[in-house]
Structures are given as C-alpha cells and as structure tokens.
Amino acid sequence: MAFNYISAAEAASLIKHGYNIGLSGFTPAGTAKAVTAELAKIAEAEHAKGNPFQVGIFTGASTGDSCDGVLSRAKAIRYRAPYTTNADFRKAVNNGEIAYNDIHLSQMAQELRYGFMGKVDIAIIEACEVTPDGKIYLTAAGGIAPTVCRMADKIIIELNAAHSKAAMGLHDVYEPLDPPYRREIPIYKPSDRIGTPYIQVDPKKIVGVVETNWPDEARSFAAADPLTDKIGQNVADFLVADMKRGIIPSTFLPLQSGVGNIANAVLSALGHDKTIPPFEMYTEVIQNSVIGLIREGRIKFGSACSLTVTNDCLQGIYDDMDFFRDKLVLRPSEISNSPEVVRRLGIISINTAIEADLYGNVNSTHIGGTKMMNGIGGSGDFTRNAYISIFTCPSVAKEGKISAIVPMVSHHDHTEHDVNIIVTEQGVADLRGKSPKERAQTIIENCVHPDYKNLLWDYLKLTDGKSQTPHAIRAALGMHAELAKSGDMRNTDWAQY
Ligand code: 0RQ
C-alpha cells in the first residue's frame, strides 16, 4: 500500500480536542516528537480563540520537551500516564492543572487493554522503517507501541532519519494474551527473543507518514562526583561480599538499574570491579555506562526497553551494529519490566529513593508528601519481585537541610516488605531477615548522615520502643514539619512532642 506522506502540521490537525493519544517511546528515546510539537501550536491557537483544546497522553515512560514540555506549556494535556521527568509538566501537575496517573510502567499497556483509561484514538509512532504491508520498525525504545498500535483507530508514523535503519532487528516485539488463562512470558534468560523485530499493523490504519530528522532529546547527566562514586562503590562492595559468601551465585545475577547519575556511578563501579564476573542486564533503561561496559566485555548482554543514551553514543551503537546485534535487545515495557520475568530471572534491582524511613519504607515520588517529583517509573515492578532489591540515595539533600532518612516517609511507594538494602554514601543497611526494630538500628548506624544520627536516635526514645514498629505518631512527620517551618530539618526539637 502507498502511504500518505504528510507534514507534521497536517498530521497534528487530525487530532481533535478530547482525543487520547498513544505514543511510542520510553524516556525521550524513541518518542514521537514532530507531531506533538505541532499539536501544541494548534492548542495555543484554539485557546486564543477561546476554544477548549486538551488531549490525553498515554506513553511508555517520560518523553522529551517536544512532547511533555511543549504540550504542558500550551496547557494542552488533560490527562497523562505514566512516569515523566519534565519540569514544566511537573509544575502543571503540582498546580492541579493536569490529571496525572502515576502507575507502574509494566502495567501501562495492560491497563489500556483492560479499558481502565479509555479509548486510544490515535497512535503516533516513531519508526526507522515502515513497509507497505504494515511492518513498523521502532527506533530506540519499545514502550507501549505494540499495544497502542493495535488499539488505536488511526496511526501516524514519524519516520525519523535521525535513527539509522540499522535499528531494524534490535527489537523483540511481544504482547501477552490477556487473562483469564494467560500463559507465561517465555523468557528464561535475558537474551531470549520471543517475538518479532517489528510491529505488524493493518496498513490501512496508517493515515499518514511524517518524514523527520529529529534526534532523541535524551537528558545529559552531570559527570560522576565523589558522592555518587562513593554510593556506587558501596553498592559494588556489598554485592561482591554477597557473592563471596554464596548468597549471589558465582556466575552473578542479571541487574536492573534506574536512571540518573547514581545509576551510572553504580554501574561503573560494578563494571570495573573485576571480582564480579561479566554479567547481564535485564533492565528498563540502558544508559551510556552500560554501552561502555558492553564494549569492554564486562556486560555480556543488555535487555531493556530503551536506549536512553546520548546521541553520539546512540550513533556509535548504530555504526557498530555488527558488534551489538547479539548483545542488545529492546522490548515493550510490559516485558522489560514484567514482574513474572523479574522474579524468574532473579534480578538484582537498584533504584533511587527520595527518602527512606527507619523501618525501610521508601518514597521515590513525592517531595514533602504532596508534590510530585517524577513518578514511580519501573522501580516498583522490579523492587517487589527482585532477588535482592536495593535503594540508593545521598544521605542528605539541599546542602544538608534535608535528611533522606526520616522517622516516617511522607509518601509511600515501596514498603518495608519489599526493600532489602538501603545504600547512602555513609554505608549500607542490610535489612534482609531483620525485624523493624533491628532495621531501625542498622539504618541509623550505617546510612544516616552524622548531622542527623542523634536526632533519629532521640526520635526512637520518644516511642514505646516495644511495639512491632515503634512510632511516636504525632512526632513521626516532625522533621518534615520542621523543614516546612524553618527550612532545615536539623532544627527539629522533639521536646515539643
Ligand atoms: O533537587 O533538582 O532541585 O537539584 O530532588 O535529586 O539527588 O539530583 O537525584 O536526579 O537521580 O533523582 C528519586 C527523583 C532522584 C529519581 C529521583 C531533590 C534533590 C534534587 C533530584 P534539584 P537528585 P536524581 C527509573 C526507575 C523514580 C523511581 C525510580 C526518580 C532532586 O531517581 O524519579 O528509580 N526515581 N524509577 O535535591 C526534598 C528530599 C530530596 C529532595 C532529593 N528528601 N526532599 N528534595 N531531593 N531528595 C525511572 C524509569 O523507570 C524510567
């Protein structure tokens, strides 16, 4: 079938007020860019005329500025799910302007299929190739593209020349059947391929192909610093010790690692610790550090949902595809983050906390209990089901005015039942096999910044010290209350409780 080649503006004009849009991509990698950028202009023009214009956005994870950024600024988003990292979107959410549904990434595609979020009116899919018989070859991410392509009435393709056709073959597209009687996802090792390298659609659904040349808008992360290096080294030392005492098999286990500077530092420390044998990744996001370690032979295989790498790193992968073809696979997010597969493979998960409490509960999403930061991302998919679940964070934030370890978390994402290990630059708290009271001791001793140790020991003295999970309920959020009052948790005075 001959496709209708149209401009991004023409494609955007097919999108009406009230539509729900399903996007390819996972993080800014592989996200459609040109049509959403034009859609923002339409929304602004309609708003100027006094007309309402807002859409619902369904994605794999965060997007780039040409989606969440421009659409938030144009006040064009009514509803969005799931994870995002965009500062303008964050502002709009915390001003109450956008309905944001922060669900686990593995659940996004199936919740769409189950009908929890309404209809997918149109899918916008970035591709490096589309064939006349309806085979869509994705670019740098899997995301929810297979599901939104199937569910949408209409599909727009952004055929992006910034992605080499060498990306063809990177993907393993697989959509599970829905319950009841769903069978297992037959992945038994990170490198297993179970699907097709393309999404097959009815070519009649493709209403337009927009040719672009728009590089991914990957965020660049600050260079490693002594603090992130220390956290990375603490994680690596802990895992080596666990391997030496036989808790982790001598062949090691596949790793999942979140996004950001700490994740890069952890991977770099693990990769360069030669007591750990070359290992595999079964993760959601592959960052630059992983690509370097694959080249060095320290990582044997990387299975992920996206290549969230800088554009020069991505180009390097495309240029070297003969080398990378049997060392990388990209999967839809419900497969890369599948709880079933995570548990089967025995993954070591490493994610980032905003704060943790004395009993091992973790807040990864909210500042001060009420303001959304980014979202839970895939951290919950992996944490609950991991062989060993690890959370990392600096022991303090904002020049020491905030302790990352508090008596009670101000928002709850990962419960004490799921969190095995907490790591700060101060050290490692191994919570496995411990009761809540034992966990509080090890967290204060090993992870808390020296400025806050006495404050937290003193907090425990306010409790009865005997209950299963001792708390002084009125004081439990006292450090947060002090932060709101004086701007510094160090001023907390327990005498008032
Ligand atoms: O503030 O931006 O004003 O400097 O929070 O913190 O230390 O720069 O760390 O960028 O790695 O983000 C948890 C948010 C950490 C992220 C989180 C302030 C701090 C700074 C950012 P500034 P850092 P990062 C992967 C899997 C979601 C869960 C997950 C995240 C800003 O890693 O979104 O891991 N994780 N998902 O100063 C007030 C505290 C604070 C605080 C830090 N206790 N109180 N502010 N900050 N701690 C994602 C995917 O699934 C795709």
Side-chain angles (χ1 to χ4, degrees), residues 22 24-27 30 58-61 81-83 103-117 135-138 140-151 169-201 251 253-258 279-286 300-307 326-349 351 376-389 418:
S24 66
F26 189 91
T27 73
F58 306 142
T59 69
Y83 189 77
I103 62 170
H104 298 293
L105 299 183
S106 72
Q107 290 176 198
M108 186 62 200
Q110 72 175 26
E111 291 200 8
L112 284 173
R113 288 197 301 269
Y114 297 169
F116 294 179
M117 284 175 251
K135 292 184 171 54
I136 301 171
Y137 290 85
L138 297 170
I144 56 168
T147 297
V148 293
C149 279
R150 208 167 40 70
M151 290 182 69
L170 256 182
H171 287 263
D172 187 48
V173 175
Y174 180 91
E175 237 194 321
L177 292 176
D178 287 335
Y181 316 122
R182 177 185 275 183
R183 298 291 304 267
E184 86 269 28
I185 296 168
I187 292 177
Y188 307 107
K189 54 184 189 311
S191 54
D192 282 345
R193 282 178 174 264
I194 58 173
T196 54
Y198 50 79
I199 301 173
Q200 179 68 63
V201 300
T251 49
L253 290 167
L255 283 190
Q256 174 262 341
S257 158
F279 56 92
E280 295 167 303
M281 302 282 299
Y282 194 87
T283 190
E284 53 196 349
V285 169
I286 283 182
K300 292 189 290 188
F301 193 87
S303 164
C305 185
S306 70
L307 291 170
D326 63 352
K327 297 176 186 67
L328 284 176
V329 65
L330 296 182
R331 307 182 188 278
S333 40
E334 68 181 318
I335 307 298
S336 64
N337 288 32
S338 159
E340 171 200 330
V341 178
V342 171
R343 186 162 290 196
R344 178 179 305 132
L345 299 185
I347 285 166
I348 298 169
S349 72
N351 292 288
I376 195 164
S379 56
D381 295 325
F382 287 91
T383 296
R384 163 85 36 107
N385 304 289
Y387 190 96
I388 300 173
S389 65
D418 302 326

Quick one: does Phe301's side chain get under 4.5 Å of Val329's, heavy atoms only?
-> yes
Please tabulate, for the side chains in residues 190-197, all donor-acceptor contacts under 3.5 angstrom to protein atoms that are two or more places apart in sequence or on a different chain.
| residue | atom | partner | partner atom | Å |
| --- | --- | --- | --- | --- |
| Asp192 | OD1 | Lys189 | NZ | 2.7 |
| Asp192 | OD2 | Tyr188 | N | 2.8 |
| Asp192 | OD2 | Lys189 | N | 3.1 |
| Arg193 | NH1 | Gly169 | O | 3.4 |
| Arg193 | NH1 | His171 | O | 3.1 |
| Arg193 | NH2 | Gly169 | O | 2.9 |
| Arg193 | NH2 | Leu170 | O | 3.3 |
| Thr196 | OG1 | Tyr198 | O | 2.7 |

Side chain Thr383, main chain Asp418, donor-acceptor under 3.5 Å = no
For Glu340, which residues count as a salt bridge (Lys or Arg N to Asp or Glu O under 4.0 Å) partner, sequence neighbours excluded?
-> Arg344
So which heavy atom on Ala141 is nearest to which on Leu330, and how close?
-> N-CD1, 4.0 Å
Note: Ser336 and Tyr282 closest approach over all heavy atoms is O-CE2, 3.2 Å
So CZ of Arg384 and CZ of Arg343: to nearest 0.5 Å the spacing works out to 8.5 Å
Walk me through it: do Leu177 and Arg183 pass the test side chain to side chain contact (heavy atoms under 4.5 Å, CB included)?
-> CA-CA 7 Å; Leu177 292 176; Arg183 298 291 304 267; 5.7 Å; no
Met281 and Ile286: side chain to side chain contact (heavy atoms under 4.5 Å, CB included), yes or no, with the steps?
-> CA-CA 9 Å; Met281 302 282 299; Ile286 283 182; 5.5 Å; no
Between Gln256 and Asn351, do the side chains contain an N or O donor and an N or O acceptor separated by less than 3.5 Å?
-> yes
Nearest non-hydrogen partners of Ile376 and Ser379, listed with the distance | O-OG, 2.6 Å
Could you pull out the closest heavy-atom pair between Met108 and Ala81, with the gap in Å?
-> CE-O, 3.6 Å
From Leu105 atom CG to Tyr83 atom OH, the distance as rounded to the nearest 0.5 Å = 8.5 Å
How would you list, by chain and number, every residue that makes a ring-ring contact (aromatic ring centres under 6.0 Å, His included) with Tyr174, sequence neighbours excluded?
-> none
Side-chain heavy-atom pair Ser349, Val342 within 4.5 angstrom cut-off = no
For the pair Thr283 (side chain) and Ser257 (backbone), establish whether a donor and an acceptor sit closer than 3.5 Å, ignoring hydrogens and angles.
-> yes
Where the side chain of Asn337 meets the backbone of Asp381, is there a donor-acceptor pair that is under 3.5 Å apart?
-> no
Step by step, work out the side chain to side chain contact (heavy atoms under 4.5 Å, CB included) result for Leu253 and Ile388.
-> CA-CA 10 Å; Leu253 290 167; Ile388 300 173; 5.7 Å; no
Residue pair Ser24 / Gly30: nearest heavy atoms and the distance that separates them | OG-O, 2.8 Å
Approximate separation, where rounding is to 0.5 Å, of Leu112 CG and Met117 CE | 4.5 Å
Which atom of Glu284 lies closest to which atom of Gly378, heavy atoms considered | OE1-CA, 3.1 Å
SG of Cys305 to CZ of Phe26, rounded to nearest 0.5 Å, is 4.5 Å
Any side-chain heavy atom of Pro332 within less than 4.5 Å of one from Ile144?
-> no
Go through Ile103 and Phe116 one step at a time and tell me if the side chain to side chain contact (heavy atoms under 4.5 Å, CB included) criterion holds.
-> CA-CA 12 Å; Ile103 62 170; Phe116 294 179; over 6 Å; no
Nearest-0.5 Å distance, CG of residue Asp172 to OG of residue Ser303 | 8.5 Å
Residue pair Pro179 / Gln110, side-chain heavy-atom distance below 4.5 Å | no
